[in-house]
Each structure stands twice: as structure tokens, then as C-alpha cells.
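Right, one structure below, let's go through it.
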Amino acid sequence: MTFTSDTLKTLACKGVNLDIGPHYTPDTLKTVVRTVVKKGAHITVDASKITSDTAKTLAHIGGKHLTLKF
């Protein structure tokens, strides 16, 4: 099941740990990862369909709060 980007952002604001698929734009991913970091939560992103530049950016933003799945 894929949630809308607005739903994903709302869930991130609530501080829940997330595991999301490859169906979101790089801008949505960056926003959500920033929110997750602010809330002290963790996010796992299916990185099978994102570019290496996006993966690097997410890693820079997310640090220890981010897991990338390939």
C-alpha cells in the first residue's frame, strides 16, 4: 500500500518509525527524512529506484536516522 506524500509527511510529524517504498519524489523523501530526524525517529527507504545523488543527499540529511535498502 502506498500512502500519499501528505499522509507520509503527517506520519513523520508524529514521530513514528517509517519503512517506505520507492514511490516518492526526491523532494518528498528529503522533506520526510528531515522531519524524521527532527523527531528523533528512524526511516528506512527502499532506494532501488533513486539516483545515487539522491541517496547521498538523504544520507547526509538522515545520518543514523536513515537506512537505505537496495
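In terms of heavy atoms, Val36 sits closest to His65 at CG1-O, 4.4 Å. Between Val33 and Gly62, the shortest heavy-atom distance links the atoms CG1-CA, 3.5 Å. Nearest heavy atoms, Ser5 versus Thr28: CB-CG2, 3.7 Å. Taking both residues in full, the closest heavy atoms of Tyr24 and Phe3 are given as OH-O, 2.8 Å, listed atom of the first, atom of the second, then distance. The nearest pair of heavy atoms linking His42 to Lys64 is CD2-O, 3.6 Å. Considering all non-hydrogen atoms of both residues, Ala41 and Gly15 come closest at CB-O, 3.4 Å.
For Asp6 and Thr4, the side-chain atoms include no donor-acceptor pair closer than 3.5 Å.
When side chains are defined from C-beta on, Leu29 counts as touching Ile20, because their heavy atoms get closer than 4.5 Å. Residues Lys69 and Thr44 meet the side-chain proximity criterion, which asks for heavy atoms closer than 4.5 Å. Contact check for Leu58 versus Ile50: side-chain heavy atoms found under the 4.5 Å cut-off.
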- Task: Test Thr25 against Asp27 for side chain to side chain donor-acceptor pair (under 3.5 Å), laying out the working first.
- Result: CA-CA 5 Å; Thr25 66; Asp27 287 339; 5.5 Å; no

- Message: Quick one, Thr35 with Lys9, criterion side-chain contact (heavy atoms from CB on, under 4.5 Å). Give me CA distance, side-chain angles, the key distance, then yes/no.
- Response: CA-CA 8 Å; Thr35 303; Lys9 291 172 188 175; over 6 Å; no

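To the nearest 0.5 Å, atom NZ of residue Lys49 and atom NE2 of residue His23 are 6.5 Å apart.
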